[in-house]
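Both ligands and their constituent atoms are indexed starting at 1 by order of listing. Along the sequence shown, the residues carry numbers beginning at 1.
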Amino acid sequence: MGRLTGKVAIITGAANGMGASEAKLFAKEGAKVVATDINDNVLHEVINEIKADGGDAIGLKHNVTSEEEWKQIIQETVNHYGKVDVLVNNAGVSSPKTMAQMEMDEWNKIMDIDLNGCVIGMKYVIPEMQKAGGGSLINISSIGGLVGMAGSSPYTAAKGALRSLSKSAAVEYGKDKIRVNSVHPGIIETPMTADTFKDAEVYYKTFTQLPYFGNPEDVAYGVLFLASDESRFMTGAELVIDGGWTAL
Ligand SMILES: NC(=O)c1ccc[n+]([C@@H]2O[C@H](COP(=O)([O-])OP(=O)(O)OC[C@H]3O[C@@H](n4cnc5c(N)ncnc54)[C@H](O)[C@@H]3O)[C@@H](O)[C@H]2O)c1
């Protein structure tokens with residue numbers, strides 16, 4: 001029996017990086033996975049890999065900024081698998097801009113994807129979790145949601161808001177056995193951060209206390225724990241997976 005046997009999980013931004021890793025790990029641990037992404041070509045490769053490995057998953061094209069699409073994704077999940085137990089709000093984009101450089105259009109775009117997209121997902125999935133008798137909401141924030149980061153102000157603002165929003169939702173819905181936690185990765189090797197990993201020396205000096213890179217599986221195992229009943233007494237918490245970057 002897998003650690004997620006019997007659970008139905010929606011994972012956004014699942015075509016690449018950590019979302020793809022989480023979708024594969026969840027399926028391996030017995031979950032029925034609804035993997036969504038705006039980029040459905042690459043997403044289908046993830047679904048094919050899961051199926052070839054004996055897992056149960058569907059892939060759906062989804063822009064997390066669209067309220068209409070969120071309603072459809074949740075309805076399709078319920079039609080296909082009968083319920084929703086877990087939502088991983090993982091889709092996100094970064095922005096390498098300082099406050100004074102940033103255009104307001106860019107601010108709004110980052111807020112729409114990194115914050116509002118998660119809010120809409122939570123709004124529409126919570127009633128389904130209430131019907132199912134509980135659930136686990138996992139919001140992928142960042143170290144940038146805990147400490148300042150130069151040149152990323154809209155990103156850190158969105159990720160910080162996601163952290164506090166997770167705590168408020170945990171307080172609001174604990175009575176319904178809905179747990180809400182945020183995850184705070186450090187710099188992890190994915191398409192989003194590919195440039196950072198070109199210079200290993202800088203990575204080791206700046207972003208970790210450990211003598212190796214952080215990879216998507218390192219985060220996926222933390223997310224798996226939060227999705228499973230192993231974390232049944234954990235809500236409103238922050239899971240930091242950063243190789244000790246913020247320990248200094
Ligand atoms: N990589 C890191 O170092 C790092 C660190 C901290 C937090 N994070 C966060 O982790 C999450 C995953 O990051 P990653 O590094 O795996 O990124 P990634 O770029 O590898 O993957 C992100 C996925 O989100 C999808 N996406 C983008 N906009 C979307 C939209 N509007 N609707 C639906 N899907 C959309 C992309 O197509 C992509 O597949 C993000 O929320 C990111 O902010 C990443």
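- In terms of protein heavy-atom proximity, atom 29 (C) of ligand 1 is closest to I38 CG2, 3.9 Å.
- Of the options S142, G186, A15, G145, the smallest heavy-atom separation from atom 5 (C) of ligand 1 is shown by G186.
- Interface of G92 with ligand 1, defined as ligand atoms under 4.0 Å from a residue heavy atom, comprises 22 (C), 24 (O), 40 (C), 41 (O).
- The cluster map of Ile, Leu, Val, Met, Phe, Trp and Tyr, joined by side-chain heavy atoms under 4.5 Å apart, puts I113 and I38 in different clusters.
- Remark: minimum distance from atom 16 (O) of ligand 1 to any protein heavy atom is reached at M18 N, 2.9 Å.
- Shortest contact from atom 8 (N) of ligand 1 to any protein heavy atom: Y155 OH, 3.4 Å.
- Residue, atom and distance of the protein heavy atom nearest to atom 39 (O) of ligand 1 are D37 OD2, 2.6 Å.
- Y124 and Y81 fall within the same hydrophobic cluster, where Ile, Leu, Val, Met, Phe, Trp and Tyr residues are linked whenever their side-chain heavy atoms come under 4.5 Å apart, directly or through other members.
- Less than 4.0 angstrom separates some heavy atom of G17 from each of these atoms of ligand 1: 16 (O), 20 (O).
- Of the protein's non-hydrogen atoms, the one nearest atom 27 (C) of ligand 1 is V93 CG1, 3.9 Å.
- Aromatic ring centres of Y204 and F213 lie closer together than 6.0 Å.
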For residues 29-36, run the donor-acceptor check on the side chains, cut-off 3.5 Å, and write out each pair with its distance to 0.1 Å, sequence neighbours left out.
| from | atom 1 | to | atom 2 | distance (Å) |
| --- | --- | --- | --- | --- |
| E29 | OE1 | R3 | N | 2.8 |
| T36 | OG1 | H62 | ND1 | 2.8 |

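- Interface of S141 with ligand 1, defined as ligand atoms under 4.0 Å from a residue heavy atom, comprises 7 (C), 9 (C).
- Below 3.5 Å of separation, one finds no N or O of I143 facing any N or O of ligand 1.
- Not one N or O on the side chain of S168 forms a donor-acceptor pair closer than 3.5 Å with the backbone of L165.
- Inspection of the N63 and E69 side chains reveals no N or O donor paired with an N or O acceptor under 3.5 Å.
- Comparing A35, P185, S94, G144 by heavy-atom distance to atom 6 (C) of ligand 1, the nearest is P185.
- At a heavy-atom cutoff of 4.0 Å, ligand 1 is contacted by the side chain of K159 but not by its backbone.
- Distances below 4.0 Å separate heavy atoms of T193 from the following atoms of ligand 1: 1 (N), 2 (C), 3 (O).
- Atom 23 (C) of ligand 1 has as its closest protein heavy atom G13 O, 3.6 Å.
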Under 3.5 Å, sequence neighbours excluded: what are the donor-acceptor pairs made by side chains of residues 44-55?
| from | atom 1 | to | atom 2 | distance (Å) |
| --- | --- | --- | --- | --- |
| H44 | ND1 | D40 | O | 2.9 |
| N48 | ND2 | H44 | O | 3.3 |
| E49 | OE1 | K24 | NZ | 3.4 |

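- In this structure, T5 contributes its side chain and M1 its backbone to no donor-acceptor pair below 3.5 Å.
- Here the heavy atom of the protein found nearest to atom 15 (O) of ligand 1 is T190 OG1, 2.4 Å.
- Ligand 1 places these atoms under 4.0 Å from at least one heavy atom of N63: 30 (C), 31 (N), 32 (N).
- Using a 4.0 Å cut-off between charged side-chain N and carboxylate O, D112 and K109 make no salt bridge.
- Aromatic rings from W245 and F207 are positioned such that their centres are separated by under 6.0 Å.
- Closest to atom 20 (O) of ligand 1, if we only count protein heavy atoms, is P191 CD, 3.2 Å.
- Contact atoms of ligand 1 toward I187: 3 (O) (distance under 4.0 Å to a heavy atom of the residue).
- Looking at K205 and E201, a side-chain N of the basic residue comes within less than 4.0 Å of a carboxylate O on the acidic one, giving a salt bridge.
- Two different hydrophobic clusters hold I126 and V88 under the rule that ILVMFWY side chains link at heavy-atom gaps under 4.5 Å.
- Of all atoms in ligand 1, listed by their number and element, those nearer than 4.0 Å to a heavy atom of H62 are 32 (N), 33 (C).
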